[in-house]
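This report concerns only the one structure given below.
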Amino acid sequence: MQTIDPAQLSERDNYKLLIGSIVPRPIAFVTTLSSGGVVNAAPYSYFNIVSSSPPMLSVSAQRKNGEPKDTARNAMATGQFVVHISDETYIAQINETAASLPPDESEVVLAGLTPVASSKVAVPGIKEARIRMECVLEQAIPLGDKDGVPACDLLIGRVVQYHFDSVVYNNGYIDAEALKPVSRLAGNTYAKLGELFEVERPG
């Protein structure tokens, strides 16, 4: 067993060990609205559920040179964002949105995706997604201070509206096999759902 002190590693080496170990990671495809009305979009695999009552999600947006990414900056400015679940049907387009664009250029346009109006927030969703969740910002927490500069912004969003394609929604449940979710591994590697199995939880 290798024993390694993360304090002795570079940021890049810690990154490689974390993304290679914590797998598979669900991918949140997040849309936000800039102050100029531009729909920004980006994928985030530092993503998960926070609470079901009320329903809340977390997305961690890593900063670059101490500056918040468009997603975090827009979400903090407007108090809103939309989280989409990444699936096989549009993962290639999602990958295109990871390109570094100026804040006044839309990744949605770049990837040829289709904006669709939301019900309870001003931020548009993406029509191609089989699941999307409209969120209001519950908290934005800067974390990982190094020399007084945060390394990331942890966005906690409260879900105020769900949208489910009829293909994946059945009587209150989500059909994972129909959803065909895609997860992130390390490097350029992704994973599909794979074989399903059940293990009974103790009573």
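Along the sequence shown, the residues carry numbers beginning at 1. These numbers come from the heavy atoms of this one structure, side chains and all, not from hydrogens, waters or symmetry mates.
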query: Taking a hydrophobic cluster as the set of Ile, Leu, Val, Met, Phe, Trp and Tyr residues connected by side-chain heavy atoms closer than 4.5 Å, whether directly or through intermediates, do Ile174 and Met133 fall within one such cluster?
result: yes

Cluster membership besides Ile27, Ile/Leu/Val/Met/Phe/Trp/Tyr side chains within less than 4.5 angstrom, sorted by chain and number, is Phe29, Leu33, Val39, Val82, Tyr90, Ile91, Ile94, Val108, Leu113, Val121, Val123, Ile126, Val136, Val160, Val182, Tyr190

More than 12 heavy atoms from other groups under 6.0 Å of CG on Asn14
yes

What one should report as the nearest heavy-atom pair of Ala176 and Pro181 is O-CD, 3.3 Å

With a 4.5 Å cut-off on side-chain heavy atoms, are Pro124 and Val116 touching? no

**Asked** Hey, is CG on Asn65 packed in by over 12 heavy atoms from elsewhere, all under 6.0 Å?
**Response** no

Checklist entry - Same hydrophobic cluster for Val38 and Phe81, using side-chain heavy-atom links shorter than 4.5 Å among ILVMFWY? => result no

With clusters defined by side-chain heavy atoms of hydrophobic residues (ILVMFWY) lying less than 4.5 Å apart, directly or transitively, does Ile19 cluster with Phe47? no

Rounding to 0.5 Å, atoms SG (Cys152) and NZ (Lys69) come to a distance of 10.5 Å

In sequence, state the C-alpha distance, the side-chain angles, and the governing distance for Asn170 and Asp175, and then conclude on side-chain contact (heavy atoms from CB on, under 4.5 Å). CA-CA 7 Å; Asn170 182 24; Asp175 184 335; 5.7 Å; no

request  = Look only at the side chain of Ser52 and the backbone of Pro55, and say whether a donor-acceptor pair between them is shorter than 3.5 Å.
outcome  = no

Note to self: Main chain of Thr32, side chain of Gln80: is a donor-acceptor contact present, judged purely on distance under 3.5 Å?
What the structure shows: no

Value for CD1 (Ile156) from OG (Ser51), rounded to nearest 0.5 Å, stands at 10.0 Å

Check: Any chance the side chains of Asn40 and Asn74 put a donor and an acceptor closer than 3.5 Å?
Finding: yes

Here the pair of heavy atoms bringing Ala75 nearest to Leu155 is CB-CD1, 4.1 Å

Rounded to the nearest 0.5 Å, the OG atom of Ser35 sits from the CZ atom of Arg73 at a distance of 8.0 Å

Heavy-atom nearest pair, Gly112 first then Gln93, reads O-NE2, 3.6 Å

- request: Check whether more than 12 heavy atoms from other residues, nucleotides or ligands sit under 6.0 Å from atom CG of Leu110, and answer yes or no.
  value: yes

Value for OG1 (Thr89) from CZ (Arg130), rounded to nearest 0.5 Å, stands at 5.0 Å

Residues pairing under side-chain hydrogen bond (donor to acceptor under 3.5 Å, both in side chains) where one sits in residues 194-203, two or more places apart or in two chains, turn out to be none

(Q) Under 4.5 Å between side-chain heavy atoms, counting indirect links through other Ile/Leu/Val/Met/Phe/Trp/Tyr residues: same cluster for Tyr15 and Val23 or not? (A) no

Nearest heavy-atom contact between Ala28 and Val83 is CB-CG1, 3.9 Å

Do the side chain of Ser118 and the main chain of Ala122 share a donor and acceptor less than 3.5 angstrom apart?
no

- Return yes if some donor-acceptor pair links the side-chain N/O of Glu107 with the main-chain N/O of Ala41 below 3.5 Å, else return no. yes

Heavy-atom closest pair (Pro68 atom, Met76 atom, distance to 0.1 Å) is CB-CE, 4.4 Å

- Start with the C-alpha gap between His84 and Val30, add the side-chain angles, then the distance that decides, and say whether side-chain contact (heavy atoms from CB on, under 4.5 Å) holds. CA-CA 6 Å; His84 310 74; Val30 183; over 6 Å; no

Classify the side-chain pair Arg25/Ser45 by whether it contains a donor and acceptor separated by less than 3.5 Å.
yes

Would you say the side chains of Glu134 and His163 form a donor-acceptor pair under 3.5 Å?
yes

Separation between NZ (Lys127) and CG (Asp165), nearest 0.5 Å, reads 11.0 Å

Problem - Ser58 side-chain N/O to Val50 backbone N/O, donor-acceptor pair under 3.5 Å - result: no

### Task
Check the hydrophobic clustering (I, L, V, M, F, W, Y; side-chain heavy atoms under 4.5 Å; chains of links allowed) and say if Val159 and Tyr169 are grouped together.
yes

Here the gap from Tyr44 atom OH to Thr71 atom OG1, rounded to the nearest 0.5 Å, amounts to 3.0 Å

What verdict does the side-chain contact (heavy atoms from CB on, under 4.5 Å) test give for Lys180 and Leu193, after you've listed the backbone C-alpha separation in whole Å, the side-chain angles of each residue and the deciding distance to 0.1 Å?
CA-CA 6 Å; Lys180 300 184 185 301; Leu193 190 59; over 6 Å; no

| said: Counting only heavy atoms not in Arg158 (residues, nucleotides, ligands), do more than 12 fall under 6.0 Å from its CZ? | reply: no

